[in-house]
Each structure stands twice: as structure tokens, then as C-alpha cells.
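This report refers to the structure that appears directly beneath it.
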Amino acid sequence: MQNSFGGAQDITNFRINVQKNQTVVENSITYHGLFSEYYFNVGKPEEEKLMAVQPFCAITENLETKEKEYYLSLMMKSKYDGEGIKKFGRPLINCVIVLDISGSMSMSFTGEWKRNENTSSKLEVAKRTIIGLTEHLKEDDYLGIVIFDDDAEVLIPFQKFGEMDMEKFKKTMKELNTRGGTNLEEGFIEGSRMIENHLKKFKGDEMKEYENRILYLTDAHPTTGETRSDGLFSLTKKSAEKKIYTTFIGIGVDFNTELIDIITKTKGANYYSVNSSSEFKRRMDTEFDYIMTPICFDIEVKVEGAKIQSIYGSPDSETKKDTTVAEISTAMPSDVNENGEAQGAVLLLKMDKSVADGIPLNIVVTYKDKYGNDFKEVNNVIFPELNQNQNEFFEDKSIRKAILLIRLVDLVKKFHKVNDKEKGQKFLEYLKTEISIIGDEKLKREIDLLNDLLKD
């Protein structure tokens, strides 16, 4: 389900484009996006803290140079992970759904215009999904719906869910039809205004326990022009400063990587792409509480005792090199599978070789809760010394999996530049060996991905 650190929540569109032999942008596959598709061991479940860390270390050989590489994984966990979201309860929400009803929403997910009653348009799927998600709302939650095409208008006025006329709500939704063009800003402005006007009605701490979120649903392809001062993503940042956070859902489209990075570096924001009616329902139905519940902000991971060469898994820090600090703007709860593993809950650090000297490392994690209170956690790690019979060391299979995944991303990115099929075949054999050791059957999909890339 939810990636702990926001960011792109999978690489589905990348997979689809490769499978269809369509043009693929190398940056559409990301470390954090791939991590989000997998589950990782986080140690003992957390029962009390908003965030806790389980560190694992690994020593392995570079696949080409055979030089030793040193990795430290920080498995992030929260009391809100998995069933914890039900046990401790998600906060009350002020939620505005901003829905694109422009003409292109008449198309199906396969790109065809709706022609008969057996073919659902993207708008029809969206309407059914929105009606379905109301089953997850609490009596004291607030909900409103804004629609937009060339302009924006309020479809469902903002009101307490427990007082809403559901028959009228469903009738209004079902009667909604597509029209006009697409003005991305107008919908957001109206949605943000709806929450702001609502908050002005309350004094003091009356709304303190509420989370404020805009669910922005569109099949448009936003451009980098939306980063201008009055553009959509600049508006998103301004709203975040007022503690009104945004979830973007691309319906049948994938925003470009630059825009995804802008979204995920915005406090409280996250992004999803849905490519089918079933995926749309899953995101907005079964994952609703995860999407709505940022658990902490302004996370800083500082390593005392050695330098970090590279950072993987945080959209906020993946471009940083030779540093001691990794930063994460927002953390969300993670789904937990039947083995107690959390989804996407890994921050992987490639460490400087000085850790081979057995230097004790202090891993200091600081973060803030939604009220601005500060928290701190410290863990100690010492990399082991390999004996004469050891070439590698993996403290846990989860860090081995994470290293495999970043190497896959690196290969794919390079492959699009040099198309080195010999190197691709060698990696394919390495991938198969690692899958048999790690024991995660889901990793076999990466064999299919590589085979598709290696086709003539």
C-alpha cells in the first residue's frame, strides 16, 4: 500500500511502457517507486512510537569492480502501520475531493471513447469510487466535492459527513457528466478555499485533531509550467504551509518525474497513478486511511561516525552525495503483510569505506509530529569484520533485497543510454540467483521486466 516516505508509489507505468515496447523515460523508474512495491522486515512491530528505526548493515561486492561496498538500511516503522491504523485510529479529516470532469474523462482506461453500457469511462469509475470511499468516513469527518473543467464549481458543499443526505449525494454524483477543457489551477483554488473558509468558523483548538487534505483527481498531463508562482504545484506548497495537504491521483496517466519530485518534496503531499478501475478502487477504498494519515514531518537521519556516499528511498535526498544527513519531508503509515513486513519502509544508505574499521556509528533520527513537537531516536551500529572465508555479509534478507532493487534501477537507467545486452544478461543471472536466496516470489516480475528490455 503506502510508501512510508511519500513519493511515487510504484513503477506501474514504467512496466506498462516497457511491456508495450513504448518510449520509456529513464527517470520514470525511481528507487523509492520500486521500493514501494515491496515489503521489508522492520523487526519487532512498533506499539508506542510514531516512528522507530530498525537498522541492518551489509557488506557486498560491486558487480563490476568487485570492490567492497558498505550499506546501511534503516527500516522505518510506526504504531500506525498495518492494523495499527485501526487500533489507534486515523485522525478526523476535513477532506475536499477535487474532480476533473473535462472531456477526456469520457475515455476509458484503455484510451477508447465510451461507446456502450459495457465500457466504463474514467469519470464513471471515479464517481463509483468516490461513492465507495464514503464507507470509510466517520460521522464527524467533513467532506466536500469540487469539480472542474475550464472553470471550477462546488458540487457538494462542505459539511459534516454524519449530517449528509447520502441519497442526494449519490444521485448528484451519478448525474455528473463530462464537459469542457481543463483548468488545473481553478479546481485546486476552489478546493483549498473550501477548507480555509471552513477552518475560519472555528476558534482555538476546535480543529486541532483534524487533518486537512485535498484529493486531487485528474487525467491531465500537468507540465513544468505548473511550478510557476501561480501554478498548481506552487499553490500546493502554499496550502501545505497552512496545513492543508494534497494527494494527487493521475487517472490513466503518469506525471513526469520532475513534477513527481516537486509533489513529494512538498510537506504532507503524495502521488499515485492508477491505470485500471480495480487499481483506482484499491487506492481510494482499501488504502484510504493510509493516504489520509501523515504520521510525522521534517524527518532528519544523521549518521555520526562516517559519511553517506549515496541515499536511496527518500525523494528529498536521493541527489545528495558525501553527506552525513538524509532528509524526508513526510512519513505515512505502511501496509503490513502476513509475515509482519512493512511496505516500502526502507531508507538505504551507501556508506563510506571507513565503516570497515569497526567504528561505532550513531544513527540519530529526529522528527516532528503534526503539532510541531520534537522527537529523537538513537541507534548504534558497528559493521562486522569479514573472516577469510567471507566475501559478503547481509544482516537480514531485507537489506539484500533493497540492494538488489537499487542495482536493478541503476542497470535500467544505464541500459537506456548504452543498450548493453551482454551486461543485461549477466545481471539477469545475478537477479535469478538473488531471488532464490531472498525467497520473495514477487521479485520474479523483475525477470519479466529485464526480458522485455532485452528483446530485440
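Because the structure is predicted, anything quoted here is derived from the model rather than measured.
Taking the side chain as every heavy atom from C-beta outward, Leu349 and Ser310 never approach each other to under 4.5 Å. Put simply, the side chain of Glu341 does not reach to within 4.5 Å of the side chain of Val336, judged on heavy atoms. Side-chain contact between Met292 and Cys95: present, with at least one pair of heavy atoms (C-beta onward) separated by less than 4.5 Å. Looking only at side-chain heavy atoms (C-beta outward), Tyr31 and Ile311 stay at 4.5 Å or farther from each other. Side-chain atoms of Val409 and Leu411, non-hydrogen and from C-beta on, never get closer than 4.5 Å to each other. With a 4.5 Å cut-off on side-chain heavy atoms, Arg213 and Ile93 do not count as touching. Side chains of Met51 and Met76 form a contact here, defined as non-hydrogen atoms less than 4.5 Å apart. A heavy-atom distance below 4.5 Å is found between the side chains of Asp298 and Lys267.
Ring centers of Phe297 and Tyr245: under 6.0 Å apart, within the cut-off. Taking the ring centroids of Tyr271 and Phe248, they lie at or beyond the 6.0 Å cut-off.
Within 6.0 Å of the NZ atom in Lys237, the count of heavy atoms belonging to other residues, nucleotides or ligands does not exceed 12. A 6.0 Å sphere centred on CD of Glu48 holds no more than 12 heavy atoms belonging to other residues, nucleotides or ligands.
Judged purely by atom type and a 3.5 angstrom limit, Asp150 uses its side chain to pair as donor or acceptor with the backbone of Gly181. With hydrogens and angles ignored, the 3.5 Å screen pairs no side-chain donor or acceptor of Lys281 with any backbone N or O of Thr129. Formation of a donor-acceptor pair under 3.5 Å by the Glu446 side chain with backbone atoms of Lys444 is not found in this model. Between the side chain of Ser192 and the backbone N or O of Ile189, no donor-acceptor pair lies under 3.5 Å. Under the 3.5 Å distance criterion, the side-chain polar atoms of Asn183 are left unmatched by any main-chain donor or acceptor of Asp149.
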Practice task
Show your reasoning for whether ring-ring contact (aromatic ring centres under 6.0 Å, His included) applies to Tyr216 and Phe148.
Solution key: CA-CA 11 Å; Tyr216 190 99; Phe148 73 94; 5.4 Å; yes
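Asp141 pairs by the salt bridge (Lys or Arg N to Asp or Glu O under 4.0 Å) definition with Arg90, not counting sequence neighbours. Contacts of Phe88 classified as side chain to side chain contact (heavy atoms under 4.5 Å, CB included), with partners at least two apart in sequence or in another chain: Lys79, Tyr80. Taking the side-chain hydrogen bond (donor to acceptor under 3.5 Å, both in side chains) definition, one finds that Asp205 meets it with nothing, sequence neighbours left out. Listed by chain and number, the residues in a ring pair (Phe, Tyr, Trp, His ring centres under 6.0 Å) with Phe40 are Phe35 (sequence neighbours excluded). Residues forming a side-chain hydrogen bond (donor to acceptor under 3.5 Å, both in side chains) with Tyr71 (at least two apart in sequence, or on another chain): Glu69.
The pair Glu83-Lys87 does not meet the salt-bridge criterion, since no charged nitrogen lies less than 4.0 angstrom from a carboxylate oxygen. A salt bridge does not link Lys397 to Glu434: none of the charged nitrogens lies less than 4.0 Å from a carboxylate oxygen. Ionic pairing of Arg193 and Glu190 is present here: one or more N-O contacts between side-chain nitrogen and carboxylate oxygen are shorter than 4.0 angstrom. Ion pairing of Glu46 with Lys49 is absent here, as no side-chain N (NZ or NE/NH1/NH2) approaches a carboxylate O to less than 4.0 Å.
When every heavy atom of Leu74 is checked against every heavy atom of Pro55, the shortest pair comes out as CD2-CB, 4.0 Å.
In this structure, CD1 in Ile295 is found 11.0 Å from CG in Asp369, a value given to the nearest 0.5 Å. To the nearest 0.5 Å, atom CD of residue Glu196 and atom CD1 of residue Ile244 are 4.5 Å apart. Atom NZ of residue Lys368 and atom CG of residue Leu50 lie 13.5 Å apart, to the nearest 0.5 angstrom.
Here salt bridge (Lys or Arg N to Asp or Glu O under 4.0 Å) pairs that include residues 152-165, with residues two or more places apart or in two chains, are Asp140-Lys160, Glu153-Arg179.
Cation-pi contact between Lys401 and Tyr38: absent, since separation from the ring centre below 6.0 Å together with deviation from the ring axis within 45° is not met.
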